[in-house]
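First the proteins, then the strands, lettered A, B, ... as listed; each starts at 1. Just so it is clear, the structure is predicted and the values come from calculations on it, not from any experiment.
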2 protein chains.
Amino acid sequence: MAGLGAPLLGLEKKSLREQALSALRTAITSGELEPGRHLVETELSEMLQISRGTLREALRQLEQEGLLSAGPRGRLSVRHLDEKEIRDIYAVRAALESLAARTLCELPDRQHVTESLHKAIDAMTEATNGSLEERIESDLEFHRTLCRLTGNETLLHSWESLEGSIRMSIMFAGLEKGVRNMSVDRHKDIVGAIDTGDATLARKTILEHMDTAAANLVA
Amino acid sequence: MAGLGAPLLGLEKKSLREQALSALRTAITSGELEPGRHLVETELSEMLQISRGTLREALRQLEQEGLLSAGPRGRLSVRHLDEKEIRDIYAVRAALESLAARTLCELPDRQHVTESLHKAIDAMTEATNGSLEERIESDLEFHRTLCRLTGNETLLHSWESLEGSIRMSIMFAGLEKGVRNMSVDRHKDIVGAIDTGDATLARKTILEHMDTAAANLVA
DNA sequence: TTACTACCGACTGTTAGCAGTCGACTTAAG
DNA sequence: CTTAAGTCGACTGCTAACAGTCGGTAGTAA
């Protein structure tokens, strides 16, 4: 009867590897591990209190997410983004999300879609007076929802693979620049466009949103 | 004076992890490891003659590439694709490659681009009488080149992350269906559209190509 | 037969440790 | 002072072994 506190819902006990993954992702996208920083496996494993083997599995994943770059002898360092790379990341992001918007327009029951998106917007509105981190979080949640609602698992997976790079872009440009893109109204426009069911309009709206977002970051 | 056979060019001696990665990728996309097949770490490590630790690093990467799916207790199995998933994969692929085509049109020197693409087309033409595998290989090389030439590393990386899923789609649908999409002429059309510098046309051409490609696979 | 329990085999999660290599620093010869 | 050889430390690549857990199976009692 004991020991079943957490594992009831989907909140199962995460493996050490997953914990390390989350911890490192947060450390990197928060700037605690500054870009260019050289990562030493022994150091990290001691910090996180896990073995090198377990750590290395997490590092491979971060490497593939684009948060780490590999040097000459397998040396890993935190990826450094310049302005061109930020624009490139946002170009790919725009391609993915415009596909999402287009797909949502062609969905049979847009009722549930609209509902979920409005819920996400509400969360953003609520976060307006919160911390910068909270606002960014709710914004990303909105866009992640956009991809999830399409029902295209591959699309969602691709977007999530890019999420780390997106976070780095925002962090890199500076959070104060990043929040310029958190306008609730602009996001309402996106939902509105999807509501009309006009795929061309929805795509255009997303592309414009991404364009200005990228411009705001590198400006 | 001995032992410097390979490491001269970029052909450095690959680590065991990378070798295992390639071997497994090939085994999966060739169907040697059939979809749904349950993977046991101890079995694989013995087969590949490497330790479980090294193997696990490779497995993490394959998992993130979408070639493996994780079951209840960390059990991994070869991903199984149904027709919807194939369509979904090709939708994402289309989004990425249409971005590539659009980007190439806006590039300052399209001279080099045209040259490289024509070279890729020549390789396809040469492979026309070769084996099915060779034809597929040259086709993928063409599309990979498309992404590489944009200079957008993120785009290339995203496409390569999807490449395994694309290969699985072709394998899954059957190679004889897959080769229907290897028409040299249709690829010449793509290059032609890019040559004109008309981004809208280039995008449209790629989207049509991907549409028929997906249709051919699930038909 | 049914239900319950104890046990065994299989497999993943995790760890500590060995081995090879590259770079920096030191030392000695010119 | 400069250069070449030797040495040490740091760090990654890789491996073998331990630990925990789930699923099934045999055995026992009602």
**Message:** Once salt bridge (charged side-chain N to carboxylate O under 4.0 Å, His left out) is applied, do any residues pair with A/D139, and if so which ones, sequence neighbours excluded?
**Reply:** none
**Sequence neighbours excluded, every pair satisfying side chain to side chain donor-acceptor pair (under 3.5 Å) that has a member inside residues 29-40 of chain A** = A/E34-A/R37
**Asked** Have A/T145 and A/E141 got a donor and an acceptor in their side chains that come within less than 3.5 Å?
**Response** yes
**Asked** Can you name the side chain to side chain donor-acceptor pair (under 3.5 Å) partners of A/S15, sequence neighbours left out?
**Response** A/E18
**Fill in**
Its contact letters, B for base, S for sugar-phosphate only and - for none at protein heavy atoms under 4.0 Å, make nucleotides 14-22 of chain C read BB-B---SS
**Prompt:** Which whole-number value in Å describes the distance from A/L44 CG to D/dC11 P?
**Reply:** 11 Å
**Prompt:** Restricting to pairs with a member in residues 154-171 of chain A, which pass side chain to side chain donor-acceptor pair (under 3.5 Å), not counting sequence neighbours?
**Reply:** A/E97-A/W159, A/E137-A/R167, A/R144-A/E163, A/E163-A/R167
**Asked** Within the structure shown, what part of the strands sits under 4.0 Å from A/L39 by heavy-atom distance: base, sugar-phosphate, or nothing?
**Response** sugar-phosphate
**Request:** Calculate the interatomic distance between B/L55 atom CG and D/dG13 atom P; express it in whole Å.
**Result:** 16 Å
**Asked** Does a nitrogen or oxygen in the side chain of A/R60 sit under 4.0 Å from OP1 or OP2 of D/dG13?
**Response** yes
**Fill in**
Sequence neighbours excluded, the answer for side chain to side chain donor-acceptor pair (under 3.5 Å) partners of B/R60 is A/E57, B/E63
**Request:** To the nearest Å, give me how far apart CG (B/L76) and P (C/dG13) are.
**Result:** 8 Å
